[in-house]
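These numbers come from the heavy atoms of this one structure, side chains and all, not from hydrogens, waters or symmetry mates. Count residues from 1 along the sequence. Quick caveat, the model's predicted, so the values are computed rather than measured.
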Amino acid sequence: MTEVEFSMDPKWVPLMELGDKRATTRTKRKCNVADTFTINGQRYVITRIVRKPLWSAANLYYQTEGFRTEEEYKDAIRTYYPDIQEGDDVWVHFFVKVDPIGEGVSQ
């Protein structure tokens with residue numbers, strides 16, 4: 001288990017804290033399963049990483065990312081990666097909160 005750096009737009013942090021955002025999509029793989037990262041003083045552990053074309057990731061994971069629709073998800077991704085195309089691969093990194101005392105994960 002390694003602590004990794006994940007930048008996160010501050011507007012997504014409340015969704016993470018509520019558990020509504022349980023994944024983050026990137027154009028590159030940023031870590032490995034079991035790695036941890038800290039956002040706003042809260043630790044998270046990576047539980048799964050999948051590689052999919054953008055259109056497939058949008059279809060499967062938009063809710064896990066905290067969005068109401070596939071289009072909201074794709075629009076948000078394009079704000080960070082303006083040149084991304086529907087068929088371009090993305091890496092979806094799934095995560096859960098780690099208990100403050102470090103003894104497991106929060107649900």
Side-chain angles (χ1 to χ4, degrees):
M1 179 183 331
T2 302
E3 178 80 10
V4 296
E5 281 292 321
F6 256 109
S7 60
M8 191 69 63
D9 191 317
K11 67 183 170 188
W12 307 128
V13 174
L15 293 174
M16 292 172 67
E17 291 171 344
L18 290 171
D20 293 339
K21 179 174 178 59
R22 302 177 313 277
T24 184
T25 301
R26 308 298 168 111
T27 57
K28 296 178 181 166
R29 184 178 176 134
K30 295 291 188 174
C31 59
N32 296 306
V33 171
D35 286 348
T36 60
F37 66 97
T38 302
I39 300 288
N40 202 29
Q42 175 64 56
R43 279 184 66 214
Y44 298 86
V45 63
I46 300 294
T47 58
R48 184 173 155 214
I49 303 168
V50 298
R51 182 180 184 181
K52 298 273 185 195
L54 177 61
W55 67 267
S56 180
N59 178 264
L60 294 169
Y61 306 125
Y62 71 92
Q63 290 178 314
T64 308
E65 274 267 18
F67 296 100
R68 292 181 302 234
T69 68
E70 292 176 42
E71 285 307 312
E72 281 183 1
Y73 168 89
K74 288 189 285 188
D75 289 346
I77 296 299
R78 287 185 177 119
T79 64
Y80 302 104
Y81 309 108
D83 296 331
I84 197 163
Q85 302 297 312
E86 292 282 322
D88 291 346
D89 281 349
V90 294
W91 295 89
V92 184
H93 301 70
F94 297 85
F95 55 82
V96 294
K97 286 184 189 180
V98 176
D99 286 338
I101 55 174
E103 296 183 12
V105 295
S106 300
Q107 299 298 326

On a heavy-atom basis, which atom in [X] and which in [Y] lie closest, and how many Å separate them?
X	Y	answer
A76	Y80	O-CD1, 3.1 Å
G87	W55	CA-CD1, 4.3 Å
R26	S7	NH2-O, 2.8 Å
A34	V45	O-CG2, 3.7 Å

Discussion item. If hydrophobic clusters are built from ILVMFWY residues whose side chains come within less than 4.5 Å, do I49 and V92 share one?
Written reply: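 In one cluster with I49: V92, yes.
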Worksheet item: Side-chain heavy atoms under 4.5 angstrom apart, residues restricted to Ile, Leu, Val, Met, Phe, Trp, Tyr: same cluster for Y44 and L15?
Response: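 Yes, because Y44 and L15 connect within a single hydrophobic cluster, where side-chain heavy atoms sit under 4.5 Å apart.
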Pairwise side-chain contact, [X] with [Y], heavy-atom cut-off 4.5 Å (strictly under):
X	Y	answer
E17	Q42	no
R51	R29	no
M16	M8	yes
N32	T2	no
E65	K21	yes
I46	F6	yes

Worksheet item: With ring centroids as reference points, do F37 and F95 lie under 6.0 angstrom apart?
Response: yes
Practice prompt. First locate atom OG1 of T47, then atom NE2 of H93, and finally report the distance between them rounded to the nearest 0.5 Å.
Written response: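 T47 OG1 to H93 NE2: 11.0 Å, rounded to 0.5 Å.
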Fill in: Pairwise distance CG(D75) to OG1(T69) - rounded to 0.5 angstrom
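Atom-to-atom, D75:CG and T69:OG1 are 7.5 Å apart.
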Worksheet item: Step by step, would you call V50 with F94 a side chain to side chain contact (heavy atoms under 4.5 Å, CB included)?
Response: CA-CA 8 Å; V50 298; F94 297 85; 3.7 Å; yes
Fill in: Q85/L54 under side chain to side chain contact (heavy atoms under 4.5 Å, CB included): CA gap, chis, key distance, verdict
CA-CA 7 Å; Q85 302 297 312; L54 177 61; over 6 Å; no
Item to complete: Test Y61 against Y73 for ring-ring contact (aromatic ring centres under 6.0 Å, His included), laying out the working first.
Response: CA-CA 9 Å; Y61 306 125; Y73 168 89; 8.3 Å; no
Item to complete: Please step through side chain to side chain contact (heavy atoms under 4.5 Å, CB included) for the pair I84 and V90, ending with a clear verdict.
Response: CA-CA 9 Å; I84 197 163; V90 294; 3.5 Å; yes
Worksheet item: Can a donor-acceptor pair be found between the side chains of D88 and Y81 at a distance below 3.5 Å?
Response: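 Not at all, the side chains of D88 and Y81 share no donor-acceptor pair under 3.5 Å.
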Worksheet item: Can you check whether V13's main-chain N or O pairs, donor with acceptor, with K11's side chain at less than 3.5 Å?
Response: no
Worksheet item: Listed by chain and number, what are the side-chain hydrogen bond (donor to acceptor under 3.5 Å, both in side chains) partners of E3, not counting sequence neighbours?
Response: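 Residues passing side-chain hydrogen bond (donor to acceptor under 3.5 Å, both in side chains) with E3: T36, T38.
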Worksheet entry | Matching residue for K74 among E71, E70, E72 - test: salt bridge (charged side-chain N to carboxylate O under 4.0 Å, His left out) |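 With K74 as partner, salt bridge (charged side-chain N to carboxylate O under 4.0 Å, His left out) holds for just one option, E71.
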